[in-house]
Amino acid sequence: MPNRADQLKPNFVLGGYLPRTLDESAVLAPDPQAWMGEALRVSMNAVGWSAPNPAVGCVLVKNGQKVAEGFTQAYRHEHAEKMLFQQISPMTRDWSDAELYVTLEPCSHYGHQPPCLDLILNSTIKTIHVACVDPDDRVSGKSIEKMTLAGKRVILGSFENECRAWHLPFFYSRKNSTPLWAAKWAQTKEGDLADALGNSKWISGKKSRAYTHWLRQKYDAILVGAGTWIQDQPLLTVRDCAPPHRRNPLRIVFDPKGRLLEEGVNLPCSVEWPLLIFSRADGVAQFSGRVRPGLTVESLDHGSEGNSNASVEGLVRKLVERVNALPLQSVMVEGGPTLLGALFALNVFQVCHQFVGCREFDLRSQNFKLKNFTGNDYLKVVHQKIDEDVLHEWIKWS
């Protein structure tokens, strides 16, 4: 987790370097102290692509200039360091005065790829900057120790908070063997998530929505309630963020009352655009005639019906069971105040993304205010203006 007392550096958010999420060409201002920030920006090219591996980035710097970079490829393919070394191989130049910056400790074990550590040990590079120690027990400090014993100069902790925030789903799921849960919502300054009729388009501005779409790539799944699905017909895609558009997330709808069983409810989906519905146990069979590629319907635990704590607890159990099946490292909830409030009451969220917009509603209702969230149990790490909106991001300290 980021350090308890520190916010992230300006323009760095839980989704990485904020300008990069909005503009593919965005770069960091020249700063000899910010090369690890550049490695983090490079890592963002792997968003939504490398999972379940972390989206690692690295850069090689010589004489104050970046000479090579790499980021993690699709699962089972090359890691970030391998991609970088391919750019400088064969090593016809002396790289002893170059410095390597990597957002996560290089792996030291064999998996689908050989150890990245070996590439570094066999190179002439003498100085390696590592932002974060890998929490994987197979690595967890071993690579740092081996590099030090081999005479390398290892420097730890540059941009550590920012890189830990970027790698947070990997860190949390690896440590706890359960998905990280993130809450996302937009609200007015008065705390309304919608007007009295349930209309919420649009509280936040275009750039805030684009950043939300970027987060949809970072997280493995997006969860909404049936009410949000019916009212807003959300696409839940990554269409408006900066490229790359690596994937659309698994979309999950929580439907304990079986509202989506009604004919006429639109359920767009495909193999590339999957939709998972959790519905009442006695109603799942009614979906049999609407089966199509990309659509999966599962029942909640028997007796978990209605909009009650029992049904929400059943949903959480079902998704935790899927952590190894998918695998599922993270879930972002974009539901309305009812679903968000119920999940806050169960204390499931480790991350919160709150957008405060300038819009005001003429018709207001207490039904559309968020309950059970005060922020007291969280550490605010981001307070960032996005045009006329304000982004607040919290993590739970644990």
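All figures in this text were calculated on a predicted structure; none of them were measured in a lab. All residue numbers in this chain count up from 1 along the given sequence. Atom set for the values below is all heavy atoms of this structure, side chains included, hydrogens, waters and symmetry mates excluded.
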Student: Return yes if a side-chain donor-acceptor contact under 3.5 Å exists between Thr103 and His167, otherwise no.
Tutor: yes
Student: Pairing donors with acceptors under 3.5 angstrom, does anything connect the side chains of Asn53 and Thr72?
Tutor: no
Student: Any luck finding a side-chain donor-acceptor pair between Ser25 and Asp23 under 3.5 Å?
Tutor: yes
Student: If the threshold is 4.0 Å, N to carboxylate O, is there a salt bridge linking Asp192 and Lys369?
Tutor: yes
Student: Using every non-hydrogen atom in the two residues, find where Ala39 and Cys58 come nearest and quote the distance to one decimal.
Tutor: CB-CA, 4.1 Å
Student: Does Lys142 form a salt bridge (charged side-chain N to carboxylate O under 4.0 Å, His left out) with Glu105? I'd like the steps, not just the answer.
Tutor: CA-CA 9 Å; Lys142 297 181 178 68; Glu105 180 181 7; over 6 Å; no
Student: Tell me every residue that passes side-chain contact (heavy atoms from CB on, under 4.5 Å) with Val61, counting only those two or more places apart in sequence or in another chain.
Tutor: Trp35, Val59, Tyr101
Student: With side-chain contact (heavy atoms from CB on, under 4.5 Å) as the criterion, how do Arg259 and Ile230 come out once you've worked through the C-alpha distance, each side chain's angles and the decisive distance to 0.1 Å?
Tutor: CA-CA 9 Å; Arg259 298 174 66 186; Ile230 294 170; 3.8 Å; yes
Student: Taking the basic N atoms (NZ, or NE/NH1/NH2) and the acidic carboxylate oxygens, is any pair closer than 4.0 Å for Glu360 and Lys189?
Tutor: no
Student: Any carboxylate oxygen within less than 4.0 angstrom of a Lys/Arg side-chain nitrogen, looking at Arg41 and Glu38?
Tutor: yes
Student: Please determine if Lys206 and Asp240 form a salt bridge, counting it only when a charged side-chain N lies under 4.0 Å from a carboxylate O.
Tutor: no
Student: If we check side-chain contact (heavy atoms from CB on, under 4.5 Å) with Ile120, which of these qualifies: Val102, Ile125, Leu84, Leu100?
Tutor: Leu100
Student: Locate the shortest heavy-atom distance separating Glu160 from Ala131; write the atom from each residue and the value.
Tutor: CG-O, 3.5 Å
Student: Tell me whether the centres of the aromatic rings in Trp181 and Phe344 are closer together than 6.0 Å.
Tutor: no
Student: Under the ring-ring contact (aromatic ring centres under 6.0 Å, His included) rule, collect the residues that match up with His353, sequence neighbours excluded.
Tutor: Tyr219
Student: Go through the steps to decide whether Ile277 and Thr296 satisfy the test side-chain contact (heavy atoms from CB on, under 4.5 Å), and finish with yes or no.
Tutor: CA-CA 6 Å; Ile277 298 172; Thr296 304; over 6 Å; no
Student: For Glu393 and Gln354, test the side chains for any donor-to-acceptor distance below 3.5 angstrom and give the result as yes or no.
Tutor: no
Student: Give a yes or no on whether Val381 and Met332 share a hydrophobic cluster (residues Ile, Leu, Val, Met, Phe, Trp, Tyr; joining criterion: side-chain heavy atoms under 4.5 Å apart).
Tutor: yes
Student: Picking from Thr338, Leu346, Val348, what satisfies side-chain contact (heavy atoms from CB on, under 4.5 Å) with Val312?
Tutor: Leu346
Student: Under 6.0 Å between ring centres, would you say that holds for Phe12 and Tyr17?
Tutor: yes
Student: Name the one of Arg153, Lys126, Lys62 that satisfies salt bridge (Lys or Arg N to Asp or Glu O under 4.0 Å) with Asp97?
Tutor: Lys62
Student: Report yes if the distance between the aromatic ring centroids of Phe159 and Trp166 is under 6.0 Å, otherwise no.
Tutor: no
Student: Does the distance from a Lys or Arg side-chain N to an Asp or Glu carboxylate O, for Asp118 and Lys146, drop under 4.0 Å?
Tutor: no
Student: Ignoring hydrogens, what is the shortest heavy-atom contact between Trp273 and Leu235? Give both atom names and the distance.
Tutor: CZ2-O, 3.4 Å
Student: Do Leu250 and Ile222 come within less than 4.5 Å of each other through their side chains, counting heavy atoms only?
Tutor: no
Student: For the residue pair Arg209 and Trp202, would you count it as a cation-pi contact if the rule is NZ or CZ under 6.0 angstrom from the ring centre and within 45 degrees of the ring axis?
Tutor: yes
Student: Provide the closest heavy-atom pair for Arg20 versus Asn45 in the form atom of the first, atom of the second, distance.
Tutor: NH2-OD1, 3.2 Å
Student: Decide whether His245 and Gln217 meet the rule of one side-chain donor and one side-chain acceptor closer than 3.5 Å.
Tutor: no
Student: Parallel under 30°, tilted from 30 to 60°, perpendicular over 60°: which one fits the rings of Trp394 and Phe373?
Tutor: perpendicular
Student: Under 3.5 Å, is there a donor-acceptor pair between the Lys396 and Asn347 side chains?
Tutor: yes
